[in-house]
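One structure below.
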Amino acid sequence: MRDEDLSCALLVWYDAHARDLPWRVGPAARAAGMRPDPYAVWLSEVMLQQTTVAAVRDYFHRFTRLWPDVAALAAAEDAQVMGEWAGLGYYARARNLLKCARVVAGEMDGRFPDTREGLLALPGIGPYTAAAIAAIAFDRPETVVDGNVERVMSRLFAVQTPLPSAKPALTALAARLTPAQRPGDHAQAVMDLGATICTPKKPACGICPLRAPCAARQQGIAADLPRKTPKKPKPTRLGIAYIGRRSDGAWLLERRPEKGLLGGMLGWPGTGWAEAAPAEAPPAPANWRDAGEEVRHTFTHFHLRLALRVADLPGDCAPAQGQFLPPEAFRPSDLPTVMRKAFDLARGQLGAR
DNA sequence: AAATCGTGGTA
DNA sequence: TTACCAAGATT
């Protein structure tokens, strides 16, 4: 089957089966001349980096309600944006989101660049996101390669080379299929196919619009592709966090440094996290007691077992680490997940107030 | 260019 | 319980 016929079959399928997503202008509306808002496309694409649609939906709604356009986001307080991003992970995305919004609002009159090259120069926009915004928001014939596209291409052409080595070859195959007409819909069609039909574990080849030309299906190896080089095992690291509450109800928290894990987010003061057992390092003198239960949490490249200490702190407490935030100045939902888990356990130990 | 950087759902 | 996986970017 010719490449043109493949992409045509894909668009026919997309016209009938496109997912209804909050940030998307569907194929029918698109054909009627509707255009997606580049701000919404950018925001959704950044949120969707290594993140599922299900997890992004509510965050996208909250962000667009709080900040309807790039100028509003650019004017937001850093702490509020980081708090709204909390729980979504990969917090460098939120820091770069703000940087990018401020460049676009401050130096580009609030308009996003409409080319892949222009977009690529902005913070937090890499090869995938630049191509996605250019194709989806501006209908540029750019080739979008994410995990879905890699999977679909590796199966369609039965590429046996394992990822990530196979990435250039898969990109070339995806480029071959990118049509001059409706490249934005094409990009979304491949990703929808990968997300709903050509899934990682049990692909639904029986209802796939590309089942006839698919080389992996012909060979009966669709579910085995793409091959991937094995990952390194995750070590376990240990740490201690100190959750203190002052007599007026204020919590002792710290703003983590911009760089590194959970950068820019709120957290509980404590030890570093290492494979060796940590020594006690209370942020203020007090009667710290063991919370009894530890937090177990898995990050991208290590497991964490976080022991918890809790204490009631005096009104004149002068901590060496962190700062007191009154309860009305922060919500548990402002904390990254590992810190919120710690809060949930410790709050029970400290009792009501 | 290999390592770093989160989280929740799923099998 | 563990491991894998999801619309990757940055250094």
Side-chain angles (χ1 to χ4, degrees), chain A residues 19 21-24 40-60 82 85-97 99-100 119-137 142-152 163-165 167-168 171 174 184 186-196 198-203 223 226-237 256-265 267 273 295-304 333 335-341:
Chain A
R19 286 180 291 174
L21 301 175
W23 47 84
R24 172 178 285 179
V41 174
W42 163 71
L43 179 61
S44 66
E45 289 300 343
V46 173
M47 286 183 166
L48 286 163
Q49 290 166 5
Q50 296 288 285
T51 308
T52 59
V53 166
V56 164
R57 268 206 166 85
D58 290 346
Y59 283 86
F60 179 82
M82 300 311 287
W85 195 277
L88 200 54
Y90 284 140
Y91 298 101
R93 293 185 294 173
R95 302 193 301 272
N96 285 329
L97 192 81
K99 284 185 197 166
C100 182
L119 290 158
L120 203 46
L122 290 167
I125 298 183
Y128 163 77
T129 307
I133 299 173
I136 296 170
E142 300 292 351
T143 300
V144 169
V145 184
D146 72 332
N148 290 302
V149 178
E150 290 174 351
R151 188 168 58 254
V152 170
L163 284 166
S165 310
K167 174 117 182 177
T171 300
H186 171 81
Q188 296 178 90
V190 184
M191 293 191 284
D192 275 23
L193 188 75
T196 63
C198 196
T199 53
K201 303 203 171 164
K202 291 184 178 177
R227 305 204 187 281
K228 299 195 174 181
T229 55
K231 295 170 184 172
K232 290 203 284 190
K234 296 180 203 274
T236 297
R237 297 186 187 174
R256 297 174 63 89
E258 290 282 311
K259 300 264 182 187
L261 192 65
L262 309 180
M265 300 300 290
W273 302 339
V295 170
R296 288 177 178 245
H297 190 78
T298 298
F299 292 98
T300 309
H301 54 292
F302 66 93
H303 302 290
L304 175 67
S333 65
L335 298 173
T337 299
V338 64
M339 301 297 177
R340 187 181 47 71
K341 285 184 184 175

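Every chain is numbered from 1, with letters handed out A, B, ... down the list of sequences.
- Within the 4.0 angstrom heavy-atom criterion, only backbone atoms of the sugar-phosphate kind lie near A:K228; the bases stay farther away.
- The side chain of A:L261 has B:dC5 as its nearest neighbour among B:dA3, C:dG8, B:dC5.
- Following rounding to the nearest Å, A:K231 (NZ) and C:dA6 (C1') show an atom-to-atom distance of 10 Å.
- Checking side-chain atoms of A:T229 against main-chain N and O of A:L163 turns up a donor-acceptor pair under 3.5 Å.
- Considering every non-hydrogen atom in both A:A187 and A:V144, the closest pair reads CB-CG2, 3.8 Å.
- Between the CG atom of A:L262 and the P atom of B:dC5 there is a distance of 9 Å, rounded to whole Å.
- The separation between A:L88 atom CG and C:dG8 atom P is 13 Å, rounded to whole Å.
- Atom CZ of A:F302 is separated from atom C1' of B:dT7 by 13 Å (rounded to the nearest Å).
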When you compare the protein's N or O atoms with those of nucleotides 9-11 of chain C, which come within less than 3.5 Å of each other, and at what distance?
unit_1 : atom_1 : unit_2 : atom_2 : d
C:dA9  : OP1    : A:G126 : N      : 2.9
C:dA9  : OP1    : A:G126 : O      : 3.3
C:dA9  : OP1    : A:T129 : N      : 2.9
C:dA9  : OP1    : A:T129 : OG1    : 2.7
C:dA9  : OP2    : A:P127 : N      : 3.4
C:dA9  : OP2    : A:Y128 : N      : 3.2
C:dT10 : OP1    : A:G124 : N      : 2.4

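- Put simply, CG on A:D146 is 13 Å from C1' on C:dC5, counting in whole angstrom units.
- A:F299 and A:H297 have perpendicular rings, their planes meeting at more than 60° on a 0 to 90° scale where under 30° would count as parallel.
- With hydrogens and angles ignored, the 3.5 Å screen pairs no side-chain donor or acceptor of A:K201 with any backbone N or O of A:A223.
- When heavy atoms are screened at a 4.0 angstrom cut-off, A:R24 is found touching base atoms of the nucleic acid.
- A donor-acceptor pair under 3.5 Å is absent between the side-chain atoms of A:R19 and the main chain of A:A195, judged by distance alone.
- For the 3.5 Å distance criterion, the side chains of A:Q49 and A:Y128 fail to qualify, holding no donor opposite an acceptor.
- With distances taken from any side-chain atom of A:Q50 to the nucleotides B:dC5, C:dA6, C:dA3, the minimum falls on C:dA6.
- If you check every strand for non-hydrogen atoms under 4.0 Å, A:W85 touches nothing.
- Between A:Y91 and B:dT7 there is a side-chain polar atom (N or O) within less than 4.0 angstrom of OP1 or OP2.
- Scanning both residues, A:L119 and A:A130, for their nearest heavy atoms gives CD1-O, 3.6 Å.
- Of the possible polar contacts, one joining the A:R95 side chain to the A:G263 backbone as a donor-acceptor pair under 3.5 Å is found.
- A:H301 has no side-chain polar atom (N or O) that falls below the 4.0 Å cut-off from OP1 or OP2 of B:dA3.
- In this structure, A:M47 places its CE atom 21 Å from P of C:dA6, rounding to the nearest Å.
- At a threshold of 4.0 angstrom between heavy atoms, the contacts of A:R151 are confined to the sugar-phosphate backbone, with no base atom among them.
- C:dA9 sits 22 Å from B:dG8 when the P atoms are compared, rounded to a whole Å.
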Extract from the structure each pairing of a protein N or O with an N or O of nucleotides 8-11 of chain B at less than 3.5 Å, listing the distance.
unit_1 : atom_1 : unit_2 : atom_2 : d
B:dG8  : OP1    : A:T337 : OG1    : 3.4

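- The base of B:dG6 lies close enough to the side chain of A:T51 for a donor and an acceptor atom to sit less than 3.5 Å apart.
- A:P123 and A:C100 make their closest contact through O-CB, 3.6 Å (heavy atoms, listed as atom of the first residue, atom of the second, distance).
- Computed from coordinates, the A:F299 CZ to B:dA3 C1' distance equals 16 Å when rounded to whole Å.
- If you measure from atom CG of A:L163 to atom P of C:dC4, you get 15 Å, rounded to the nearest angstrom.
- In summary, the side chains of A:R24 and A:Q188 do present a donor paired with an acceptor at a separation below 3.5 Å, with no hydrogens or angles considered.
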